[in-house]
Structures are given as C-alpha cells and as structure tokens.
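Since the structure comes first, as structure tokens, the remarks are kept for the end.
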Amino acid sequence: MSERFQSIALEQGWTFRDAKDGPVFPVSKVPSVVHLDLLDNEIIPDPFVGLNEQKVEWVGHRDWIYRTTFSTPEKHSQGKRCSLLFEGLDTFATVRLNDTVILESDNMFIPYRVDVTDVVIWSETESSPNILEIRFESPIRRGRGVVNSHPENRYIAHQTEVGRLGARKAAYHWGWDWGPILITAGPWRPIRLETYVDKIEDLWIQSVVSEDLGSCSGTLHVWTAGRGAERLQFQLRAHEEIVFSSEAAVGESGMVEVKFKLDKPALWYPHGYGQQARYELRAALFKGNIPVHEVSKKVGFRRVELVQEKDDHGQSFYFRVNNIDVFASGSCWIPGESFLPRLTEAKYQDWLKLMVEGNQNMVRIWGGGIFEPEIFYETCDELGVMVWQDFLFACASYPTYPEYLASIEDEARANMRFLRHHPSIVIYAGNNEDYQIQQTYNLTYDYDNDKNPESWLKSSFPARYIYEYLLPKVVEEECPGLPYHPSSPWGGGKHTTDPTIGDIHQWDVWHGTMQPYQNLPSMGGRFVSEFGMEAYPHMHTIDAFIDKPAEKYHQSLTMDFRNKARDHERRLGSYILQNFKVKQDFKSYLHLSQLAQSETMAFAYRSWRREWGRAQNRRCGGILVWQLNDCWPTISWAVVDYFLIKKPAFYAIARASQPLAIGVSRTYHEWVSGHARPPSSSRFDVWVSSSIVEPVSVSVEVRYISIVNGEDVKPRSSFDNIQIQPNGTTDIFTDTIDYTQSPTTQPIVISAKLLNKDIVISQDIDWPQPLKYLDLRDRRVKLEYLASESAVRVTAAKPTKGLVFEERPGLWFSDNGFDVVPGEDKVIAVKGIEHQEGIPYWTYLEDDRA
C-alpha cells in the first residue's frame, strides 16, 4: 500500500500573524483568506455590515504570514517522492519549507506543484515535524510597485486604481461598481501533501464528433510523473458499462496516448435541447501488477460551433451544438463571494439550479473574477448550462513585458488543462471590455492593415498581442476546435457598439445616453452579452446590512454607500420618475426599483428573442443579463441577491425564456419630451418564440381590456391550430390601436395567451407606457392561500401591474412580479409559508390598501 499515491489536505493546525509584528492567531481551516481569519478572531468588524468596509481597508496594506506543521507518511520505498500542491495562493507569496524557499508566486490563478522530496523530513527518520510557512505580501504595495517598475506601458484601469494591473489577482477585489474594496490575501484554495512512486499528472481527452453525429473519435492522453510505473489502463464507461478500454506502456517521457472511437455516442446537449449525457473516463497507472494511482473524470461529447456568417443583417453570432442552432438565454456571473473560501459547493449548485429554474441555458464567467472551481463547471455539465468563459482581464490596458506574458501563458494553460474535459464550456473570450478602453483612449489599433503581432507589442495598445495572438494560440493548442473570441464585446475591428457584428454590451440603458428601457427592442445586436438595470433587493437583505434603524431609508448614507455604481441615485431615480408615480416610503421605492428592473428584462428578452428568427436569418443569437448574482449584500444589477433571494426581474426573464413563449408589444412613442404629443395610434404585434426543435400546434387568444373598468372593450382575437416554427419565431398577427376612436379612447392592456389543449403555457400582457400616467387605484385584488395545493390564488377586478411577494430565505414562489387581468385566476405554487400566519407581505403598482 505504501506504493500507492496519497494526497492529504493540509487543512488544520494553521496560524497567522501580521508579518511586521503582533500576536499569533489560530486559523480555523485552510483554504482561507486573512479577512476571514481576522473575523474569526474578532479583530475586525464584519465588512458586509453598515460602513464597515472602510474600517478594514488597512488589511490589504499589510503583509501576513501563515504557518503550519505536518508529518509525512513513512517513506519505505526508495523511489518514493513527495510534493506539495498549492491550488491557489492569493497573490504575492513566498513559501518556505523547513526554512528553505520552495516557491515564489505572483499569480493568484496558477496552481503550483512543488517536488519537495529532498526538503521534506520523512517521518521514519526524524521526530521533528515539517514547518511550512507562507508570507503573503500586500497586493496593493506589490501591485503598485510592478506598475512603477515598468513605466514603458500606459496603465489605464477603470474601476479603482491602476495598481491592480500589476497583480494577477481577481480584479473585483479592488472594488467594482457593484462590489466593495476588500483586497484579500491568503491560501485561498487547498494545499495538499502528495506522496507517490509515480502518479498521473494530467488526464484528458481530445475528441471530434462526426458531422452526422454518428461517431466520436480522438485521443486519450495521460501525462505521468515518469518515475517508475510501467503501464497504463484506460476505460470509458457509460452507466458502469465499459464502452472502450485499452492498455499502453509508459515510456520515459511519461506521455501516453491512445486512439479511440465510439459509434453512436450519447451526446451532451444544452438544457432544453436534449440530454446531458456524460461518460466516465478512467486511467489506472501500474507498477508491475500493483496500481499506484487512479484518476477518473466525467467527460461529454458534443459538436460546438460559433456561427459567424455574412447575412442581410451583417454577420451572425450564435452557437450551434450538435447541429442544432441554440438561442442563448442567460446571465453574466461575477464571483459569488468577496471572500472566496466561504463559497460552499452546495451554494454553487444552488446558484446554477436557479438558472435552470429560470429557463436560462448560458452563463458568462466575467473577466474580472476567477476561473471557478470544479464544482461550478461540473454542475453546469450536469444541468446543461453552457459556459462562456472570459480570460481574466477587465476594463483596462494591460502591460506586456516578458515576465508578465510568461505568467499569463502559464495561467491560461494551467486553467485550460484543468477545465478542458467539461462539455459545458463552449467559448473562451480574451477579456471584458478592454477594446472599449482602446476606443475611449484612442490607443493604436489597425485591425485591417496591421497583422504583425510583434508590432502590436510596440504600440500604445500592446495587450492586443495577448488577445489576438497569445490566447488564441493557447486555446488551439490545449482545446483544438473550441471557439475563441478576442473580447467581450468585439466585432472584428469594428466599433464595439456595432450591432451588426460580434457581441455587444448594450449600456445605453442605465449608462451612456440613458435611453428609456422601452427603447430596448430596437437596441439589440447579433448577441447581447451585457445589459442591465439596477434594483433594490428584498427587505430581508437590506436588514442584513443596515446596522442603524435610522439609516433605513432609500437616501441614507448607508444605502448610498452600499451602491457602488457611479451616479446611481440619479440614474435609478430617473428611471423610476420617468415611469411610475413615486411614493416616498421605503417599501414603495424598493418595489418601484424592482419593477423598473423587471420591466427592463421583459422589454429586452421578449423582443431580442423574437429576433432569433429562423435558420439563415438569426438576427440575435443570445441575451445575457448583467448580472445574475452579487458578491455581498448590496443594491446592484443582480437579478438574484447575495442570499440567493430572487428579484422580480428573475421571473420576467423566466417567463420570456420559456421553451414556448408568447410576446405582445405595441409601438412605443416617447412623447413627454419637448413639444411632442401623445400618439394617435400604435401598432401592436403578437408572436411566439420557440426553442423546441419539432413543430408544435397551439392556439392563441388575445384580449383587449379596459384599465379603467376591467371590461373587454372589443371581442377577443382567437387563432387555432397554429403551427409554430421549430426553434424559431412565428409571427401571429399585427394590428393597430386607434386612440382617437371608441372604444380605445380609454387606455387598455393587451393580454395574449398561448394555449395547448386549453392549458395556458405562456402569457404576456402589454401596457400603455409610461405607467405613471395611468390610474391604477382600486384594482380590488384578492389573494387566497390554497393549503391543499401549496399555492396562492390571485384575482383582480381590473388589470393589475407588478404584484410582488416579499421574498426571504425559506420561501419559494413559482412566479413573482407578475401582472393580473380580470376574469383569470393566477395560481402561484409556493413553499415555506405552511406554518406562517397568512401570506407574506405583498404589493402591486399603486397598491391603495389601507
């Protein structure tokens, strides 16, 4: 047994201290970061409460020393080796073992495995333990020092300081417009002691699915430590059945390659388009007949293409998986925690399950964060959530001196090797918004004429070398055939806002020109990989960070401090004032902010998804909201807050992203500026969007309901046995509302329902805009808890806008933030209210209950 590979996590027995002076404190567990350990020892206040973020700024300016002792297993075998695996050190770290420097790291994202066979004290020869000490230097001081020592680069960094460009560290730690400045340090990922006579360093598979999907072939690879094992066994299993096996000798190089082929392979599909089939890949390394190391991974096979073809709208941008065009409806992901070791596997799983619950099938991992842990991608594989992975650059002009480029290449290769077996990863992108920095500051970029990478290094935008030469080279070498995109957004040398090519970040709602969100239908692109609207979280989350009752109002210092977005008071206030009658009480303002965000999502998702169109005419290939989540309790663009409490916007996305979703929308006339007048008429459209790849027959019913009295002002429009375009958009009908002729001189809502055998499978309700001009009092809304059905029934005598239940942990609603029309019960499944006194707090637009 002493021949077998052993790995022991060095989790316990650690201490830490200020490197300059001060007492030694215990560390409860590694992985950790210094802020968590200071919290555990009650040295700092909770930075997530009140204004405490400011009180802990000093932490990032200090150096910290972590220390532990350990013993090794007995050596026995003469050829036995010992390594220390550091999965992540944050960030500038000097590691000493028994007073010998074994590692100096300056990159948070690179895992390091260090052979310490000749440094470690083996347990059978010495009674004294091994002493492991790690000094973490201040990322602020070191980052600024790197910038100062390389003045040849023009350092530009949006979102806090340029010092972050001198550190390969998660950019959001330096503060962002949704997150605090909490600059961590410490052993943020596991540290493991490994002993072995030989071991598998890496196991991976390169495969190609045939164009007709009938076979999958490729190569199984293993890289061993190359010290004494003689043969290797491979197996591919499906549900414990061996579908392929092979054996090969291990040569002196330690590399083993075996060809394989599967006929009629079970394929991995995105959620909603097929099954998420996976295989287990096993490799066993033998010395003689003794297995010394075994490794297994779950792998999946699929064809993935990024379709970029010239068409009538410019150049397409959408994904095709296993020969099926896939509309990407999803979210952007920021790190789910400011203190990353605090994120549990269960919380990662809960986050991603929420995406599937919300009919989302793609997550974009943003470039200012991290390469997420295995559990993130494993869960995406399991659930069918496609992953768009940015490389870790964001909103800056980065340097390109030789040591930096070498570190970036090591970082990219290490992480791609760690991730390349995951079928959910469908694209790598070079960065987030760095080409917008190039445009804003007029940095040199001649895409059409300058194709020489070496010249790029001498320009004022040297990072082009990283995004258009270095990273695509690494992607092709490590993951051949996987789509790569130089940036998000990027359009092949055209302006990053060009809607005819590539992806765009549509920020002229909220940022930029602050367009009305009603204009979003005409503001799309070939793929919208960012857009958003801020909203307050539910009151439970606000209560979690308000430490003084007097601060619990929407203009308080604490509330403003929590919102890191530039000009957030003006921007959010403008959208609320432009659209709603404003009450000054806190709960009403919170509700209106949530409605503004929810309405933004509805206008965007239903309209841009409509532009999915049909094959050879895919005007829009996907929508990713900024953002899914938060890293602390705050006010932001997140549609789900730090505690995984969903805002109404989450449900608006879910409704618009159903496999079959009906949409109804009238032409928006912006008529309140200058001398413009109210419109005399509006065109309205009804359509159905489908992600179902087979034809479906449905019925559609459209009602025209008075907002004033709740009565239908004219007969319903009904359409039976409509054949819905598979995996595309079907226009149902278009008509005009004449506001000068009775009965539509009074304001009406248009309610469109999609039915299958009299069962409503989708509904959309269009309202006159802006909502603030409507009299929405006296809706006569009634709610009834149906205990036997675990549901709430909602009825209203008149059209009712934005009914929101207040959510908190332990409560679950199948829908929220919805509209109600008279004559139709709205039944919402609920969980968690069985033992409460009545239905949780709820409200709606212009709720006039006493």
Side-chain angles (χ1 to χ4, degrees), residues 48 331 336 346-347 349-360 533-546 552 554 559 562 585-602 625 627-657 781 783-787 789-794 800-820 826-845 847 849:
F48 285 10
S331 298
K347 191 169 183 180
Q349 291 169 325
D350 288 344
W351 272 115
L352 293 165
K353 287 175 183 176
L354 274 182
M355 293 194 67
V356 173
E357 178 186 328
N359 298 316
Q360 299 186 37
M533 174 63 67
E534 275 204 354
Y536 283 21
H538 287 285
M539 195 61 75
H540 168 275
T541 299
I542 293 172
D543 287 338
F545 66 72
I546 292 283
K552 197 172 175 180
H554 71 268
M559 291 297 293
R562 303 300 292 197
D585 67 283
F586 195 22
K587 280 196 171 185
S588 294
Y589 200 83
L590 182 159
H591 177 238
L592 294 181
S593 77
Q594 292 184 344
L595 284 191
Q597 185 187 46
S598 180
E599 289 289 282
T600 302
M601 298 305 108
V625 67
Q627 64 222 55
L628 176 68
N629 62 317
D630 277 324
C631 67
W632 73 324
T634 192
I635 305 101
S636 76
W637 298 273
V639 297
V640 183
D641 75 26
Y642 174 79
F643 297 108
L644 286 88
I645 302 174
K646 297 170 282 187
K647 300 178 188 177
F650 171 88
Y651 300 93
I653 296 170
R655 291 190 291 267
S657 302
V781 178
L783 273 66
E784 178 186 5
Y785 177 52
L786 309 176
E789 302 175 34
S790 296
V792 173
R793 177 189 290 126
V794 184
T800 302
K801 183 69 186 173
L803 192 145
V804 175
F805 295 98
E806 187 173 278
E807 299 198 29
R808 57 181 179 274
L811 293 180
W812 178 86
F813 298 88
S814 63
D815 201 0
N816 206 347
F818 50 82
D819 302 341
V820 187
K826 183 81 172 180
V827 180
I828 305 302
V830 298
K831 296 177 185 177
I833 70 171
E834 298 85 355
H835 307 295
Q836 298 191 22
E837 295 183 4
I839 299 168
Y841 173 82
W842 55 275
T843 189
Y844 54 89
L845 191 58
D847 185 353
R849 291 173 295 159

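Residue numbers start at 1 and run along the sequence shown. This structure is a prediction, so every number in the text was calculated from the model and none was measured.
When each of Asn629, Asp350, Leu354 is tested with Val640 by the rule side chain to side chain contact (heavy atoms under 4.5 Å, CB included), just one qualifies, namely Leu354.
Residues Tyr642 and Phe48 bring their aromatic ring centres within 6.0 Å.
The residues Glu807 and Lys647 are annotated as not salt-bridged, no charged nitrogen and carboxylate oxygen being separated by less than 4.0 angstrom. Under a 4.0 Å N-O distance rule, the pair Lys587/Asp585 does not qualify as a salt bridge. Under the 4.0 Å criterion applied to side-chain N and carboxylate O atoms, Lys826 and Asp819 are not assigned as salt-bridge partners.
Figure legend: cation-pi geometry between Arg562 and Phe545, with NZ or CZ positioned under 6.0 Å from the six-membered ring centre and within 45° of its axis. At least one cation-pi condition fails for Lys552 and Tyr536: the charged atom is not both under 6.0 angstrom from the six-membered ring centre and inside a 45 degree cone around its axis.
Looking at every heavy atom in both residues, His591 comes nearest to Gly802 through NE2-O, 3.0 Å.
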_Residue pair Val639, Tyr651: steps toward the side chain to side chain contact (heavy atoms under 4.5 Å, CB included) verdict_ = CA-CA 9 Å; Val639 297; Tyr651 300 93; over 6 Å; no
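The backbone N or O of Lys646 sits less than 3.5 Å from a side-chain atom of His538, completing a donor-acceptor pair. At distances below 3.5 Å, not a single donor-acceptor pair connects side-chain atoms of Ser657 with backbone N or O atoms of Ala654. Asp815 places no side-chain N or O within 3.5 Å of a backbone atom of Ile828 that could act as its donor or acceptor partner.
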